[in-house]
Amino acid sequence: YGRFGLDWNQANDGLPNNTDEADAAGEPSVSDAEETSITSRFRLTFDASTETDGGVTVGGRIRAQAESRDGVAGVANWSAPQFHVAYGGLRVNVGNIWGAIDSAPGLYLNTTSVGTGIDGMGFNSLAIGNGFNWDTFTSAGNGRNGVEAIYSVGGFTGHISYSKQNDLYESDGTDTGPVAAATRVEGEERTAVMLSYSFGDYFVTGAYQDSNVVANDELGFFAVGGDFGQFGATVSYGTTDASDSITLAGDVELGAASTIVAWVNSADQNTAAGRDGTAFGINYEYDLGGGVTFVAGAVSSHADDNENSVQAGLHFSF
Amino acid sequence: YGRFGLDWNQANDGLPNNTDEADAAGEPSVSDAEETSITSRFRLTFDASTETDGGVTVGGRIRAQAESRDGVAGVANWSAPQFHVAYGGLRVNVGNIWGAIDSAPGLYLNTTSVGTGIDGMGFNSLAIGNGFNWDTFTSAGNGRNGVEAIYSVGGFTGHISYSKQNDLYESDGTDTGPVAAATRVEGEERTAVMLSYSFGDYFVTGAYQDSNVVANDELGFFAVGGDFGQFGATVSYGTTDASDSITLAGDVELGAASTIVAWVNSADQNTAAGRDGTAFGINYEYDLGGGVTFVAGAVSSHADDNENSVQAGLHFSF
Amino acid sequence: YGRFGLDWNQANDGLPNNTDEADAAGEPSVSDAEETSITSRFRLTFDASTETDGGVTVGGRIRAQAESRDGVAGVANWSAPQFHVAYGGLRVNVGNIWGAIDSAPGLYLNTTSVGTGIDGMGFNSLAIGNGFNWDTFTSAGNGRNGVEAIYSVGGFTGHISYSKQNDLYESDGTDTGPVAAATRVEGEERTAVMLSYSFGDYFVTGAYQDSNVVANDELGFFAVGGDFGQFGATVSYGTTDASDSITLAGDVELGAASTIVAWVNSADQNTAAGRDGTAFGINYEYDLGGGVTFVAGAVSSHADDNENSVQAGLHFSF
């Protein structure tokens, strides 16, 4: 799909911050985005699948995606591939997996960006934070190599995912002999499980992630939601090492083509890195037909200063 | 499309020049092209567009392009995307725009490479120089983020384009606090306009670019041209900060499948960086059918020494 | 196509080796693969060709390929393109060529990976070594720029290929004047020829490469093979600067869908870098239908320690 629009973001006000590398004389490298800039994304998805004589589906997917944000244009980048084997209600993915946490119903908003506005606008509505410190399909990078199994029957879905990175060691630059065992930095290992049940227009879901990295360990998510005619509502609770938070999101259909989604998140930080306070946002979409949607959004983030941003633009499917 | 052929270029004679970085001992990095080498390009274009219920076209384009020049083979690289919204005679592009200057009729030659030979051979025929210091669609890089509007009615076309890069600042390497405001290097801001009118087999066009970078400011272009049966001719005048020049280009159709384009450019430099003197070239094309064209070209550039080059090869469309 | 599976490799036992660059403090960079990891590849091929009015085919090919090996996930990378012109039994390729040595019948195994298991498992069956120091189509990198001609008539095929890299020089970092001629490192120039003749179910082939790099010079290959109903066998002999070796490979069809390929290679080293001793392997494939194949392989390499590896997984065509 493609999407493009204008982004006005107070967080781009003022001078940018120093980085941890000094520039060579006369070659400045810290980019200062204007408050108003173009935000866009162009995503190509290559899907291939086939079916064996025994009725098992075997396939793969890869993406190339280009993004422009904060005044910096980007070329497209390839993703790593995801492979799958599916039979009946069971599907096993290998490679660039979706992740059990990321697949929990009620985690993302029911909008074209699955957040607010054109590009998600920071995804402050997520009850488990916007650090994306769980496994998720990476559309323009190598992501993490994982394995996951998803089983669906009736309204029930069970999902378990596992990923592991190689350990890293320091090199002494000699090009000879093995590295020193004491310099080991353990590669992150994540195991996550998600259970979900939907009955009629209602659903309930719970998810949990275990990791050997403290900041990503004991991540929990719980949500319930339902549709009541033209209204819908979801309550979700998330707990992470950095903060705990609760999100209330509601959507309403206006006439034949318009949808409004509004949300508020209240967070309590457990560590200095965590989000604290209240964030809220509103997203408006109008279906123009032919797969084209007009999208506008406004967000007030958890930040104390320069917390406001507004976006408007078009999203088109292909 | 694809194109490939042999390039013989006197400018590759002799030893290459030093670069501004010294090599590590025993790891030479300056490549010395032979006078004769393979020149080729392979371009994939991904276009997607849809139409809303109101008849507005919304779409996007992205490219992947591989080039081999001067004995160095290259892999394909993605471009940044261009998005468009079009209705009737009006089209608005966002992202990797075409640019008003680059779209002026009479700027490029009427050949498969829009220059001479297989790969354009330096584009010395352009009256505004071959520095490409104006906005243009970048096929294998991130280009510049811009916005442009094009309006066509009858034989008239008006085109206005605007692009802006972020300001840059130097980092002090501390990773804390904002950068020093005094280290600001202003991002380039370009505004360009092009007007063109065609009547029967004749056209007239004028274009102008304003920039906050002196070398790219006050760039002007003017051209008139026409077709007289099997003959055609274009006169174009360009003025830039570096040099002013005038180009005369003529083409003649020989029989059913052959076309010859010949051109001469005379330039007066305003600064030491500008082109000075006379360049000329000739391009021959033979249509082999099925979208395959045999192309041969010869160019004598503005340079005082080693100014000659010759190319021949095939261009095929897909 | 896509392929993915599990790799168990003794060579990943123990600590990895130091590299020739020391890590910055606290930023280890040497990755330690587990003995068991995911191996996968996803390959997209873009082919384009057209035919002139005179019946000459003109076309091109480019690839994007992603691989995951030894616990490191990779994104897709583009290749450089190959262009071709073909008429009757003659085909000329330009750019990312196949190479005469690499095209010799009997060099690779008759399996989905053209080696053993999912990813070839080191290609220890090749009689000319697994250094790939001959021209071959590079699927995810820029490869080498070459030209080759292939002529086939009846059961006879003749193939000659040539590639040349630019010379390299050291830069003194001054950014002025030509480089010092004495720092020249000559670019590699390879010329290879392959002749092959097949008659009924038998074939015989010979190939030879000349290079200005000693390690890649005087590379020779000779093979004979045949099919005898459900059995097949190939004997191949290779001689390189580093080692001489002989490979015996046999395949047998079991029932309608299963194939077993077994091979043994015996090498004598000429230099310390060469392979020495015996390697052997076995590959099992079961056709699941729909282009999906179950593949399993086991290899014992030429190494003295940790020489065993096993792989199993799926290969699917698209």
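In what follows, every heavy atom counts, from backbone to side chain, and hydrogens, waters and symmetry copies are set aside. Order of the sequence lines fixes the chain letters, A, B, ..., with proteins taken first and strands second; residue numbering starts at 1 for each chain.
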Worksheet item: Looking at D172(C), N96(C), T138(C), which makes the most heavy-atom pairs under 4.5 Å with chain B?
Response: D172(C)
Worksheet entry | Mutual orientation of the aromatic rings belonging to F46(B) and W78(B) [parallel < 30°, tilted 30-60°, perpendicular > 60°] | tilted
Fill in: Interface residue of largest heavy-atom contact number with chain C, from S317(B), G74(B), G2(B), under 4.5 Å
G74(B)
Worksheet entry | T112(B) versus R3(B), side-chain donor and acceptor atoms under 3.5 Å | no
Worksheet entry | Among S171(C), A48(C), A180(C), residue most engaged with chain B (heavy-atom pairs, under 4.5 Å) | S171(C)
Worksheet entry | Results of side chain to side chain contact (heavy atoms under 4.5 Å, CB included) for S37(B) - residues two or more places apart only | D7(B), D70(B)
Worksheet item: Which of parallel (below 30°), tilted (30 to 60°) and perpendicular (above 60°) describes F4(C) and F316(C)?
Response: perpendicular
Response to the item:
Of the listed G177(C), A181(C), A80(C), the one with the largest count of heavy-atom pairs under 4.5 Å with chain B is G177(C)
Fill in: Top contributor to chain C contacts, counting heavy-atom pairs under 4.5 Å, from V292(B), T19(B), D287(B)
T19(B)
Worksheet item: Under 6.0 Å from the OH atom of Y286(B), do we count more than 12 heavy atoms belonging to anything else shown?
Response: no
Item to complete: Please name all residues satisfying side chain to side chain contact (heavy atoms under 4.5 Å, CB included) with Y162(C), sequence neighbours left out, ordered by chain then number.
Response: K164(C), E189(C), T191(C)
Discussion item. A quick test of your reading: do over 12 heavy atoms of other residues, nucleotides or ligands sit less than 6.0 Å from OH of Y87(C)?
Written reply: no
Fill in: Heavy-atom proximity to chain B below 4.5 Å, by part of R184(C)
neither
Discussion item. Under a 4.5 Å cutoff for heavy-atom pairs, which residue among I62(C), V85(C), V147(C) has the most contacts with chain B?
Written reply: I62(C)
Response to the item:
Bottom line for L314(B): the part with an atom under 4.5 Å from chain C's heavy atoms is side chain
Worksheet item: Out of D167(C), T52(C), T174(C), V179(C), which one racks up the most heavy-atom pairs below 4.5 Å with chain B?
Response: V179(C)
